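All values derive from a computational prediction rather than experimental measurement.
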Amino acid sequence: MRQTIARVAVLVPDYDVGIAFYCGRLGFDLIEDTDLGGGKRWVLVRPRGASETALLIARAEGDRQSAAIGNQTGGRVGFFLFTDDFAREHAAMLAAGVEFLETPRHEAYGTVAVFTDPFGNRWDLLQPAS
């Protein structure tokens with residue numbers, strides 16, 4: 001079933017570097033990649049065993065700007081990657097050398113672990129509570 005449940009904006013120094021990180025290092029499947037012009041690209045990716053996550057990747061011009069806030073869940077605002085199998089996704093990302101900033105925790109809205117990407121963005125890997 002195709003279900004996009006997150007839309008986030010990410011500023012990266014270079015598209016190819018961003019795609020290499022999310023689809024190369026993290027092993028996400030690239031579902032859609034559209035050049036929107038003006039230095040913006042719409043990218044739809046799917047983490048292993050997860051629902052699709054839409055990333056609007058914008059090239060950072062000049063001084064690095066703060067990445068746009070994309071989604072809000074349970075009172076927390078930030079970048080979220082939603083997974084259907086948290087344990088598998090977390091283990092795969094650890095194996096890929098992703099730095100997690102805290103151990104997974106259980107919140108009322110789901111299980112969360114925070115990690116960082118090479119562009120200075122902080123992400124929550126989230127499996128929503130059922």
Discussion item. Testing the basics here: between G18 and F119, what is the closest heavy-atom pair and its distance to 0.1 Å?
Written reply: CA-CZ, 3.6 Å
Worksheet, complete the sentence: So CD of Q127 and NE2 of H90: to nearest 0.5 Å the spacing works out to 12.5 Å
Practice prompt. Please round to the nearest 0.5 Å and tell me the distance separating atom CG of D117 and atom OH of Y22.
Written response: 3.5 Å
Worksheet item: What distance do F21 atom CZ and F28 atom CZ have between them, rounded to the nearest 0.5 Å?
Response: 7.5 Å
Worksheet, complete the sentence: Smallest heavy-atom separation, C23 atom then L30 atom, equals SG-CB, 3.9 Å
Worksheet, complete the sentence: Shortest non-hydrogen pair, R25 vs V98, comes out as NH2-N, 3.8 Å
Response to the item:
Between the CG atom in D124 and the OG1 atom in T111, the distance rounded to the nearest 0.5 Å is 12.0 Å
Item to complete: Please work out which of the three classes, parallel, tilted or perpendicular, describes the rings of F100 and F115, given edges at 30° and 60°.
Response: tilted
